[in-house]
Each structure stands twice: as structure tokens, then as C-alpha cells.
Amino acid sequence: MKRKFLAGLLCVAMGVTTMAGTATVFAADDAAEAEAPADDAAAVDLEGVDLENTKIGISIYQFADNFMTLYRTELVRYLTEDLGFNEKNIIVQDGKNDQAEQTNQINNFITDEVDVMILNLVQSSSAPQITDICNEAGIPVVYINRQPDETESDRWEADGIKATYVGADARQSGTFQGEEILETENKGDINGDGKVSYIMVQGDPENIDAQYRTEFSVKALTDAGVEVEELLLQRGDWDQAKGQQIVQDALTQFGDQVEVVFCNNDAMALGALQAIQAAGRTINEDIYLVGVDALTDAVQNIIDGNMTGTVFNDHFSQAQTAAQMAVKYLKGEDVAPVNMVDYVKVTADNAAEILEKIK
Ligand code: BGC
């Protein structure tokens, strides 16, 4: 079912945009020209790869993260079930949101002589240091989810370093969130005062996903000529409980002035929803709420009319592409420095269909 879903997405020009170090443009036309990930594992060329003995070191920034749990599960499933790597050689570590702890894990991977690493850094700013350690040890790295600076990926390419990034362009998800508000009957201006008054619940601001979603969700509104008023911007670190607290406090402070709640991810949006309901507000009538990720609970809430929209952060394609880039390294092939998967807008129009396919 899941693989069928991905094949469907690719057919409608989703695909992976392989880029030479520069920022991506995410128009469907560009995606159509881009190299698509092989959604069918049989299409991945594993010739010459020692599936039984290859060691893969994986470190996830924090196991407690809802989205990264889905991602991690798919990554391990795909590597073992679809590609056939030996499960006992796939070592998955919890970075516990602590860069020093994660750097230790990476040093242990080097001592263990893993053949390739797949890393979701706690701090993307650590990429230059980690890349150098791995490069000196001769171990290729596939970074996922938290994109290192462009200067860093440019360096990999210029110096022939075996490091690459697989992710999704967060500008696209931010833009989609803004568009979802523009698609409502009053374009987000519920009280008709000529401006959209919003709260922004931000992820960890060290993470480019948080920076871009914050900027581009609002930019979509202003680009469409809509006036905006930011009532509050606060970091919720991708966390549901923090999202709830921030929105609870904001609703107490700003009351009916709040027309839109933007959350950089669904975990925080689910927290926001608890606060919104506790305050007696009604989604899509007197307040709008959008997130990112398409967690099952969020998509169900869209169907039930309790969330305005979300954006599918395609962890299936991202996990599979990351695994495929690791295989390319194992085969001694060249890998582009940056590989992007498209996001998909999720609203009441397609939520049931999306839910069927992700659950
Ligand atoms: C996801 C968040 C997640 C974060 C972790 C983002 O792309 O949308 O849900 O917490 O990645 O880095």
C-alpha cells in the first residue's frame, strides 16, 4: 500500500530533485524533470553490495520526536525488508537531543568500522566537524532531515567528500501552509478587519525547517497582497506539550484577535488544538490551524473539521532515498550533494485519501 502510494505521487510529478548544491525551486515542472527515487526496491541495483555483512550506523537526533519515529521505522523497514540488509548490522542510536552524546555515537560507529552512516544531526551546525571526522575515517555520510548550510554541501562537492543530504525544501511546506489559509473563504481574515492576525509556533530555530516554514507561510500571504499582523512568535521546539502551552497563553492574552495559528509541525499543532478547544474556540469558524508532517492524528483531525490543513512531509520517500544514497556510496558511485523530496498539501479535499495511504 505504502509503495503504491509513492508510485502514485511520483506519477504526478513529485519525485526527488537532485541539486548541485544550490537552493531548489519546487515547481511541479522542475520536479517532473528530476531524478525520481526508485519506489520499487527491485529497481535498486544492489549488485556487488554485501547485504549480509555491510554495517550501517544510523543516529536519530531524538527518538522521542513523533515525525522522526515514523521516518526511522520506515528507514529500518526499507533497508531490511525491501533491500535485504542484515538487521543485526543496522545499528540505530538515539542522539537524545544532545550533540556531544551523538558525536560519541558517531565515533563509536568509526571504531566499529561501519561502512556508511545515515545521520540526523542534533545540530546541523555540527556538520562540518562530523563530516571531517567521517571523511578522515573513509566513511561516507548521508545526512537526513536537518540540512547543513549550503556552504557545507558546496564544500563536499568541491572537495569530493563523500557526504550528501536528503530532505525536503521547507520553503515549500511553509508556502503550502500559507496557501491553505488563502484557500479559506475569507483568506484567514475571519473578523473582516482587513488583516490576518496570527500566532506562529516555531520548531527548534536552529533547524532550517523551522526558519523557512516560519518565513514562507507568512510570505505566501503577503505575496498574495494580504496584510498580516504577527501577535506572537514563540519557539515550541517541535514539541506537543510546548505547543499547547504557547497557544493556551496566547489565547488568554490575545483572545478573539487570533485568527490563524501556524505551527511548524503537527505535534505542536495537536497541542495547539487542545488549547484551542479548551478555550472554546471552533476551528474553521472562528480560528484556523495548520501544521506540517501529516501525522495520522492531524490528518484525522482535518477530516473531522478540527484542523484546517497540514503538509505531508513524505518520510517514506525521504527514508527510501536516504537508503538508496547509502547504497550508491557502498557501490562506489557518485552522489549529488543535495537531494530533495516534494511535500504534498493536505486539506479537507484530500485528507481521507492521504490518511488511507499513510496509516
Ligand atoms: C518535522 C518535525 C520534526 C523535525 C525534526 C521536521 O521536518 O516536520 O516534525 O520534529 O523535522 O528535525
Side-chain angles (χ1 to χ4, degrees), residues 24 26 58-75 92-99 102 118-127 130 142-149 165-177 180 200-217 235-244 246 262-273 289-299 301 307 309-319 321-322 338-346 354 358:
T24 185
F26 43 77
I58 300 171
S59 179
I60 300 298
Y61 94 95
Q62 167 163 246
F63 277 9
D65 184 291
N66 315 37
F67 172 74
M68 286 315 301
T69 300
L70 297 175
Y71 193 130
R72 166 167 55 102
T73 306
E74 173 60 12
L75 182 58
V92 191
Q93 300 280 7
D94 180 359
K96 297 182 186 151
N97 208 18
D98 177 343
Q99 188 57 60
Q102 188 177 51
I118 300 177
L119 301 178
N120 172 211
L121 292 180
V122 174
Q123 284 170 352
S124 42
S125 56
S126 300
I130 304 287
V142 179
Y143 290 109
I144 57 170
N145 174 256
R146 293 187 162 186
Q147 186 172 9
D149 272 2
Y165 175 71
V166 174
D169 187 334
R171 287 171 288 195
Q172 185 185 40
S173 49
T175 303
F176 284 170
Q177 286 188 296
E180 288 170 1
M200 181 67 67
V201 186
Q202 199 176 28
D204 176 350
E206 202 260 351
N207 188 183
I208 198 145
D209 284 8
Q211 296 164 21
Y212 276 158
R213 288 176 193 163
T214 298
E215 180 186 347
F216 281 76
S217 52
R235 65 184 282 179
D237 294 319
W238 306 117
D239 181 76
Q240 177 162 351
K242 289 188 186 173
Q244 178 177 10
I246 291 166
F262 286 109
C263 294
N264 283 175
N265 76 348
D266 279 348
M268 297 188 297
L270 291 169
L273 176 59
L289 171 64
V290 288
V292 175
D293 281 342
L295 296 182
T296 308
D297 283 357
V299 179
N301 273 310
M307 258 178 79
T310 186
V311 181
F312 179 38
N313 191 2
D314 187 349
H315 58 280
F316 299 116
S317 283
Q318 290 177 59
T321 304
V338 179
N339 308 272
M340 292 300 203
V341 167
D342 269 298
Y343 285 98
V344 181
K345 214 188 268 187
V346 186
I354 295 281
I358 58 172

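Remember, predicted model here, so these are calculated numbers, not experimental data. Ligands are counted one by one from 1 in listed order, and the atoms in each one are counted from 1 as well.
Looking at V92 and F63, their side chains come closer than 4.5 Å, going by heavy atoms from C-beta outward. T73 is not listed as a side-chain neighbour of H315, based on a closest heavy-atom distance of 4.5 Å or more.
For atom 7 (O) of ligand 1, the closest heavy atom belonging to the protein is D209 OD2, 2.6 Å. Nearest protein heavy-atom neighbour of atom 5 (C) of ligand 1: N145 OD1, 3.3 Å. Among all non-hydrogen protein atoms, the one lying nearest atom 9 (O) of ligand 1 is D293 OD2, 2.6 Å.
Contact atoms of ligand 1 toward D65: 3 (C), 5 (C), 10 (O) (distance under 4.0 Å to a heavy atom of the residue). Distances below 4.0 Å separate heavy atoms of N313 from the following atoms of ligand 1: 1 (C), 7 (O), 8 (O). For ligand 1, the atoms sitting less than 4.0 Å from at least one non-hydrogen atom of N265 are 2 (C), 8 (O), 9 (O), 10 (O), numbered in the order shown with element in parentheses. Counting the atoms of ligand 1 from 1 in the order shown, those under 4.0 Å from a heavy atom of N207 are 12 (O).
Proximity of M268 to ligand 1, defined as any heavy-atom pair under 4.0 Å, is not found for any part of the residue. Contact annotation: for D204 versus ligand 1, there are no heavy atoms closer than 4.0 Å.
Between R171 and D169, at least one side-chain nitrogen of the basic residue sits less than 4.0 Å from a carboxylate oxygen of the acidic one, meeting the salt-bridge criterion. Between R235 and D237 there is a salt bridge, since at least one side-chain N of the basic residue sits less than 4.0 Å from a carboxylate O of the acidic one.
Not a single heavy atom of Q62 sits less than 4.0 Å from an atom of ligand 1.
Every N/O-N/O distance between W238 and ligand 1 stays at or above 3.5 Å.
When all heavy atoms are compared, the tightest approach of D342 to Q172 is OD1-NE2, 2.6 Å. Looking at every heavy atom in both residues, Q102 comes nearest to V122 through OE1-N, 2.8 Å.
With hydrogens and angles disregarded, a donor-acceptor distance shorter than 3.5 Å links the side chain of E206 to the backbone of S125.
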**Study point:** N339 and T321: CA distance, side-chain angles, deciding distance, side chain to side chain donor-acceptor pair (under 3.5 Å) verdict
**Key:** CA-CA 8 Å; N339 308 272; T321 304; over 6 Å; no
